[in-house]
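Worksheet: one structure, shown below.
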Amino acid sequence: MMTTGIKGKMERKVTDELTAEAIGSGELKVFATPALIALAEETAWKSVAGELEDGKGTVGTRMDIRHIAATPVGMTVCCETLLTQVDNRKLTFQIEVYDESEKIAEGTHERFIVDNERFQTKATNKTKSD
């Protein structure tokens, strides 16, 4: 059974490909909010992956993030997650992201535990016509 307190931590160097300008979320050469969200999701799911039964995984269902400071190309960002709540299959994480200078984001993220094969089959079947 999954319990609270599981921590995750990942770092990523901000490259030109991870900027708002490159991703299309803005015009500036700073770490893009969509890239920040992807890093937060990856950090969260990887932190609990080893605690799941074989064939199970998690999918993101909610992200509430405040991106509060810009990070230029070349700096490294560090995302830290903490599993704060387990409600049956719903997992809630606290998210904090820092660059080399300051906190750049904070918020919460929800994921649900799923059966990977069943989930993928259901999604794939959406493309099949009757």
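Residues Phe31 and Ile23 fall into different hydrophobic clusters, defined by Ile, Leu, Val, Met, Phe, Trp and Tyr side chains chained together at heavy-atom separations under 4.5 Å. Under the 4.5 Å side-chain heavy-atom criterion for grouping Ile, Leu, Val, Met, Phe, Trp and Tyr, Leu83 is connected to Leu52 within one hydrophobic cluster. Taking hydrophobic clusters as Ile, Leu, Val, Met, Phe, Trp and Tyr residues chained together by side-chain heavy-atom distances below 4.5 Å, Ile65 does not share a cluster with Leu82. If you chain together hydrophobic residues whose side chains sit under 4.5 Å apart, Trp45 and Phe112 never meet in one group. Under the 4.5 Å side-chain contact rule for hydrophobic residues, Val14 and Tyr98 do not share a cluster.
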Full working for side chain to side chain contact (heavy atoms under 4.5 Å, CB included) between Phe93 and Val48: CA-CA 11 Å; Phe93 297 85; Val48 297; 3.9 Å; yes
Any chance you could lay out the side chain to side chain contact (heavy atoms under 4.5 Å, CB included) test for Ile95 and Cys79, step after step, and finish with the verdict? CA-CA 7 Å; Ile95 307 284; Cys79 179; 4.2 Å; yes
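The two residues Glu102 and Ala69 make their nearest non-hydrogen contact at OE2-CB, 3.5 Å. Shown here for Ala105 and Leu36, the closest heavy-atom pair between the two residues is CB-CD1, 3.6 Å. Residues Arg111 and Thr58 approach most closely at NE-OG1, 2.8 Å, considering heavy atoms. A pairwise comparison of heavy atoms in Arg62 and His109 identifies O-ND1, 2.8 Å as the closest pair. The two atoms that bring Ala22 and Asp16 nearest to each other are CB-O, 3.2 Å, heavy atoms only. Between Ala40 and Thr81, the shortest heavy-atom distance links the atoms O-CG2, 4.1 Å.
Note that CD of Glu106 is 11.5 Å distant from CD1 of Ile104, once rounded to the nearest 0.5 Å. Remark: Lys13 NZ to Asp99 CG distance equals 12.5 Å, nearest 0.5 Å. In this structure, the separation between CG on Leu91 and CD1 on Ile113 is 4.5 Å, given to the nearest 0.5 Å. Interatomic distance, CD of Glu51 versus CE of Met2, reported as 6.0 Å (0.5 Å rounding). Taking CD from Glu110 and CE from Met63, the interatomic distance works out to 10.5 Å, rounded to the nearest 0.5 Å. Taken to the nearest 0.5 Å, the CD1 atom of Ile37 stands 10.0 Å off from the CG atom of Asp64.
Of the N and O atoms on the side chains of Glu21 and Thr19, not one donor lies less than 3.5 Å from an acceptor on the other residue.
Considering Thr76, Val77, Thr43 in turn, Val77 is the only one that fulfils the side chain to side chain contact (heavy atoms under 4.5 Å, CB included) rule with Arg12.
Not a single donor-acceptor pair under 3.5 Å links the side chain of Asp115 to the backbone N or O of Lys56. For Asp87 (side chain) and Lys90 (main-chain N/O), no donor-acceptor pair under 3.5 Å exists by modelled atom type.
Environment of CD in Glu117: sparse, with no more than 12 heavy atoms of neighbouring residues, nucleotides or ligands closer than 6.0 Å. Other residues, nucleotides and ligands contribute over 12 non-hydrogen atoms within 6.0 Å of the CD atom of Glu100.
Classification of Glu96 and Lys103 as a salt-bridged pair holds, one side-chain N sitting under 4.0 Å from a carboxylate O.
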